[in-house]
Amino acid sequence: MMTDFLDAHQRHWDDAERLFNAKRWANADHLYGLTAECGIKRLMLAFGMPFDAGRNAPTKREDRAHANAIWARLESYRAGYGRSTGFSLPTLNPFRDWDISDRYAHQANFDEGRTLAHKNGAAIICNLIKKAQREGLLP
């Protein structure tokens with residue numbers, strides 16, 4: 001299947017919101033991380049991230065990271081792109097305690113506070129995606 005970071009970003013957010021409202025903290029938390037990761041990668045594409053169509057993945061290994069590591073990568077593309085003003089992320093990564101392997105953790109390890117912090121981080125990316133759409137950088 002072809003990679004579509006924007007669609008993945010939007011559907012992960014929608015499902016995370018449903019799960020959050022149902023107090024399903026573990027799965028909501030996981031999807032907020034995926035929401036952020038996919039949104040950041042879509043922004044990175046808009047700012048010039050190389051993408052290997054044959055492998056259907058970012059060309060650079062460090063650009064294939066997940067939410068906890070990809071947060072800082074946006075700056076490397078944003079800094080060199082003329083229309084990227086207003087797309088910077090907070091220095092403190094809200095996903096620093098999130099890991100893709102948390103999907104294997106017991107659900108008792110997740111609570112509203114942890115999940116809310118990741119929801120807020122994902123919301124930052126959602127707002128940047130909307131800004132990019134308003135400014136014509138994304139469809």
Side-chain angles (χ1 to χ4, degrees):
M1 291 184 223
M2 295 301 298
T3 296
D4 188 332
F5 292 126
L6 184 58
D7 179 73
H9 161 79
Q10 291 168 331
R11 70 183 156 87
H12 291 321
W13 173 261
D14 290 344
D15 288 345
E17 288 288 88
R18 286 182 180 93
L19 291 166
F20 184 87
N21 290 331
K23 300 181 190 232
R24 301 271 315 196
W25 311 128
N27 286 341
D29 187 78
H30 188 68
L31 289 177
Y32 285 129
L34 294 176
T35 296
E37 174 187 332
C38 294
I40 290 169
K41 287 179 181 179
R42 184 57 186 98
L43 290 168
M44 288 167 46
L45 274 176
F47 298 145
M49 176 181 72
F51 190 84
D52 183 342
R55 293 189 66 223
N56 201 30
T59 303
K60 295 181 181 178
R61 185 173 190 250
E62 59 268 31
D63 293 337
R64 292 183 227 133
H66 299 291
N68 53 335
I70 203 74
W71 190 265
R73 292 293 299 151
L74 178 63
E75 187 61 26
S76 64
Y77 292 103
R78 193 191 72 76
Y81 190 81
R83 293 180 59 194
S84 66
T85 303
F87 288 92
S88 61
L89 294 174
T91 304
L92 186 59
N93 179 351
F95 294 96
R96 64 194 175 283
D97 64 345
W98 184 96
D99 195 275
I100 193 71
S101 66
D102 292 345
R103 68 188 181 275
Y104 304 123
H106 192 279
Q107 62 187 329
N109 293 313
F110 300 86
D111 60 24
E112 184 176 8
R114 174 189 174 85
T115 306
L116 184 58
H118 296 149
K119 175 181 177 165
N120 291 339
I124 291 168
I125 304 305
C126 288
N127 289 332
L128 289 181
I129 291 288
K130 289 174 189 169
K131 176 180 171 56
Q133 289 171 323
R134 282 190 310 272
E135 294 183 8
L137 291 173
L138 298 179

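Values below: every heavy atom of this structure, side chains too, minus hydrogens, waters and symmetry copies.
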State whether the number of non-hydrogen atoms from other residues, nucleotides or ligands found under 6.0 Å of R24 atom CZ is greater than 12. no
Near Q133 CD, under 6.0 Å, is it more than 12 heavy atoms from other residues, nucleotides or ligands? yes
Under the ring pair (Phe, Tyr, Trp, His ring centres under 6.0 Å) test, which residues partner H9, sequence neighbours left out? none
Audit row: H118, D97, side chain to side chain contact (heavy atoms under 4.5 Å, CB included) steps and yes/no: CA-CA 9 Å; H118 296 149; D97 64 345; 2.7 Å; yes
In terms of heavy-atom contacts, N68 and D99 come closest through ND2-OD2, 3.4 Å
Hey, could you give me the SG/NZ distance between C126 and K119, rounded to the nearest 0.5 Å? 10.0 Å
Within the supplied structure, the quantity of interest is the number of heavy atoms (other residues, nucleotides, ligands) at a distance under 6.0 Å from K130 NZ; does it exceed 12? no
Can you hop from W71 to L116 via hydrophobic side chains spaced under 4.5 Å? no
Quick check for you: to the nearest 0.5 Å, what is the distance between M2 atom CE and D7 atom CG? 13.0 Å
Is F110 reachable from F95 through a run of I, L, V, M, F, W or Y residues, each pair having side-chain heavy atoms under 4.5 Å apart? no
Specify the closest pair of heavy atoms between C38 and A8, including all atoms of both residues, with the distance to one decimal. SG-CB, 3.7 Å
Angle class for the F20/W25 ring planes (parallel below 30°, perpendicular above 60°, tilted otherwise)? perpendicular
Atom pair OG1/CG of T115 and N27 - distance to nearest 0.5 Å: 10.0 Å
Side chains of D15 and R18 in contact at under 4.5 Å (non-hydrogen atoms): yes
Under-4.0 Å salt bridge between R114 and D111: no
Using side-chain heavy atoms (C-beta onward) and a distance below 4.5 Å, is K131 in contact with N127? no
Between I40 and R73, is there a side-chain heavy-atom distance shorter than 4.5 Å? no
Is T3 reaching over with its side chain to a backbone N or O of N56, donor-acceptor style, under 3.5 angstrom? yes
Note, L89 side chain near I125 side chain (heavy atom, < 4.5 Å): yes
hydrophobic_cluster_shared for I70 and F51, side chain cutoff 4.5 Å: yes
Output for pair (L74 CG, D63 CG), nearest 0.5 Å, gives 10.5 Å
Indicate yes or no for a side-chain donor-acceptor contact from W98 to the backbone of L34 under 3.5 Å, with no hydrogens or angles considered. no
Between D102 and H30, is there a donor-acceptor pair closer than 3.5 Å when you use the side chain of the first and the backbone of the second? no
Indicate the atoms forming the closest heavy-atom contact of G39 with I129, along with that distance. O-CD1, 3.6 Å
For a quick test of reading the model, state the closest non-hydrogen atom pair linking A67 to N93 and the distance between them. O-ND2, 3.7 Å
What heavy-atom pair brings G86 and L128 nearest, and what distance separates the two atoms? O-CD2, 3.7 Å
Out of curiosity, does F5 fall in the hydrophobic cluster containing L137 (side-chain heavy atoms, cut-off under 4.5 Å, transitive links)? yes
Quick one: list whatever passes ring pair (Phe, Tyr, Trp, His ring centres under 6.0 Å) with F47, sequence neighbours left out. Y81, F87
Using 0.5 Å steps for rounding, measure from the CG atom of L43 to the OH atom of Y77. 13.0 Å
Taking all non-hydrogen atoms of both residues into account, name the closest pair between A117 and P94 and its distance. O-CB, 4.1 Å
Check whether D29 reaches the backbone of A26 with its side chain - one donor and one acceptor, N or O, closer than 3.5 Å. no
From R64 CZ over to T59 OG1, what is the distance, rounded to the nearest 0.5 angstrom? 7.5 Å
For the side chain of K41 and the backbone of A65, is there at least one donor-acceptor N/O pair under 3.5 Å apart? yes
